[in-house]
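Heads up, the thing below is written out as structure tokens.
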Amino acid sequence: MLTIDSISKSFNSVRALRGVSLDFNEGEFVSFLGPSGCGKTTLLRIIAGLEVADGGRIVVDGEVISSSEVFVPPEKRRFGMVFQSYALWPHLTVNSNLSMPLELAGVDKAERAKRTAAMLLSLDMVGMGLRHPAQLSGGQQQRIALGRSLISKPRALLLDEPLSNLDAKVRREMRLEIRRTQREAGVTAIYVTHDQEEALSMSD
């Protein structure tokens, strides 16, 4: 489904990645585990198209999306991304935050409403669609960030330490929530964490 082949990346004299190669299967949940500064977020950002590799290539479903000759921009890769900071639009309601990727993709209003309602049900947040992010708990905000990344049915889900801002109890609950939602969607997930327990409890 997704192949990264001999990916390398340096920042000035610092070698962040050296010839990394991995294959990801359809529906698989894979974690990049390691301490800060080891290159895991850099690799995730290269897969997302937010960083450009110095060498190597990335292939998705037979399509080369990154190589020395090809660079598909992030918005064309059809990946969902969940950031550590949630990155919700504070001035938009939950419904609008969820449906924004569909609106940008040109999905009609009726279909957007249908898929937004279905996602709220999946996230166990029915009745919260008219709230704004500031009216939600940290765990609820993370659910919306997860739902927004999945609503457009991405080819892969990329998660960059999404639980590090939550307290221990909510982190444990969200591990289960992310895994359940990912399995239901049947989407390949790549998860960055420095927490060994988190990685081992969630990953295939």
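Side-chain atoms are counted along with the backbone in the values below, which use heavy atoms only and exclude waters and symmetry mates. Just so it is clear, the model here is predicted, and its values are computed rather than measured.
Using modelled atom types, no side-chain atom of S31 and backbone atom of S203 make a donor-acceptor pair closer than 3.5 Å. Side chain of Q140 to backbone of S137: a donor-acceptor contact under 3.5 angstrom is found. In this structure, S99 contributes its side chain and L102 its backbone to no donor-acceptor pair below 3.5 Å. Remark: side-chain polar atoms of D167 are paired, donor with acceptor, to backbone N or O of K169 under 3.5 angstrom. Within the 3.5 Å criterion, the main-chain N or O of G34 finds a donor-acceptor partner in the side chain of K40. At least one donor-acceptor pair under 3.5 Å links the side chain of K9 to the backbone N or O of V52.
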TODO: Could you walk me through whether R180 and E184 pass side chain to side chain contact (heavy atoms under 4.5 Å, CB included), step by step?
DONE: CA-CA 6 Å; R180 179 190 65 79; E184 287 181 359; 2.9 Å; yes
- [ ] Any chance you could lay out the ring-ring contact (aromatic ring centres under 6.0 Å, His included) test for Y191 and F32, step after step, and finish with the verdict?
- [x] CA-CA 6 Å; Y191 190 95; F32 297 161; over 10 Å; no
TODO: Go through H194 and L33 one step at a time and tell me if the side chain to side chain contact (heavy atoms under 4.5 Å, CB included) criterion holds.
DONE: CA-CA 5 Å; H194 60 268; L33 172 67; 5.6 Å; no
Open item on the list: side chain to side chain contact (heavy atoms under 4.5 Å, CB included), that's the test. Do V60 and F79 meet it? Break it down for me.
Closed with: CA-CA 10 Å; V60 185; F79 292 160; 3.6 Å; yes
TODO: Please test I4 against V20 for side chain to side chain contact (heavy atoms under 4.5 Å, CB included), starting from the C-alpha separation and ending with a verdict.
DONE: CA-CA 7 Å; I4 59 174; V20 179; 4.2 Å; yes
Open item on the list: Run the side-chain hydrogen bond (donor to acceptor under 3.5 Å, both in side chains) test on D23 and T3 for me, step by step, so that the C-alpha distance in whole Å, both residues' side-chain angles and the decisive distance to 0.1 Å come before the verdict.
Closed with: CA-CA 5 Å; D23 289 315; T3 296; 2.8 Å; yes
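Figure legend: cation-pi geometry between R77 and F71, with NZ or CZ positioned under 6.0 Å from the six-membered ring centre and within 45° of its axis.
Transitive grouping of hydrophobic side chains (ILVMFWY, heavy atoms separated by less than 4.5 Å) keeps V30 and L159 in distinct clusters. Cluster membership check: L44 shares its hydrophobic cluster with L17, using side-chain heavy-atom separations under 4.5 Å among Ile, Leu, Val, Met, Phe, Trp and Tyr. F24 and M202 are members of different hydrophobic clusters when ILVMFWY side chains are connected at heavy-atom separations under 4.5 Å. Under the 4.5 Å side-chain heavy-atom criterion for Ile, Leu, Val, Met, Phe, Trp and Tyr, V192 and V187 are members of distinct hydrophobic clusters. Linking Ile, Leu, Val, Met, Phe, Trp and Tyr residues whenever their side-chain heavy atoms come within less than 4.5 Å places M128 and I151 in a single cluster.
Atom CG of residue D5 and atom OG of residue S67 lie 10.5 Å apart, to the nearest 0.5 angstrom. H132 NE2 to S96 OG: the interatomic distance, rounded to the nearest 0.5 Å, is 7.5 Å. Distance check: R143 CZ to L120 CG gives 12.0 Å after rounding to the nearest 0.5 Å. One distance of note links CG of L123 with CE of M125; it measures 7.0 Å at 0.5 Å rounding. To the nearest 0.5 Å, atom CG of residue L146 and atom OG of residue S122 are 8.0 Å apart. Distance check: L43 CG to L22 CG gives 7.0 Å after rounding to the nearest 0.5 Å.
Side-chain contact, D160 with T41: a donor N or O sits under 3.5 Å from an acceptor N or O. Counting only N and O atoms by type, the side chains of T193 and E161 include no donor and acceptor under 3.5 Å apart.
Nearest heavy atoms, P162 versus I178: CG-CD1, 4.3 Å. The heavy-atom pair separating R112 from E103 by the smallest distance is CD-N, 3.5 Å. When all heavy atoms of L50 and P74 are compared, the closest pair comes out as CD2-CG, 4.0 Å. When all heavy atoms are compared, the tightest approach of V170 to G139 is CG1-CA, 3.8 Å. Annotation for L98 and R148: closest pair CD2-N, 3.4 Å, computed over non-hydrogen atoms. When every heavy atom of Q182 is checked against every heavy atom of G27, the shortest pair comes out as NE2-O, 3.2 Å.
Surrounding CG of D124 are at most 12 heavy atoms belonging to other residues, nucleotides or ligands under 6.0 Å away. With a 6.0 Å radius and a threshold of 12 heavy atoms from other residues, nucleotides or ligands, Q135 has its CD atom above the threshold.
Two residues are said to be in side-chain contact when any heavy atoms from C-beta on lie closer than 4.5 Å; T93 and R131 fail this criterion. Looking only at side-chain heavy atoms (C-beta outward), I46 and I58 come within less than 4.5 Å of each other. Using a 4.5 Å heavy-atom cutoff, the side chains of V94 and N97 are not in contact. Between L2 and T188, the closest side-chain pair of non-hydrogen atoms is not below 4.5 Å. Taking 4.5 Å as the limit, every side-chain heavy atom of L158 sits out of range of all side-chain heavy atoms of V82. At a threshold of 4.5 Å between non-hydrogen side-chain atoms, the residues S10 and R15 count as touching. Inter-residue side-chain proximity for S21 and I7 is flagged as unmet; no heavy-atom pair is nearer than 4.5 Å. Here the side chains of E177 and Q142 are not in contact, with every heavy-atom distance at 4.5 Å or above.
The hydrophobic cluster containing L104 also includes W89, L92, M100, under a criterion of side-chain heavy atoms closer than 4.5 Å among ILVMFWY residues, counted directly or through chains of members.
Among residues at least two apart or in separate chains, salt bridge (Lys or Arg N to Asp or Glu O under 4.0 Å) pairs with a member in residues 195-204 are R175-E197, R179-D204.
Between E69 and R57 no salt bridge is recorded (no basic side-chain N to carboxylate O distance below 4.0 Å).
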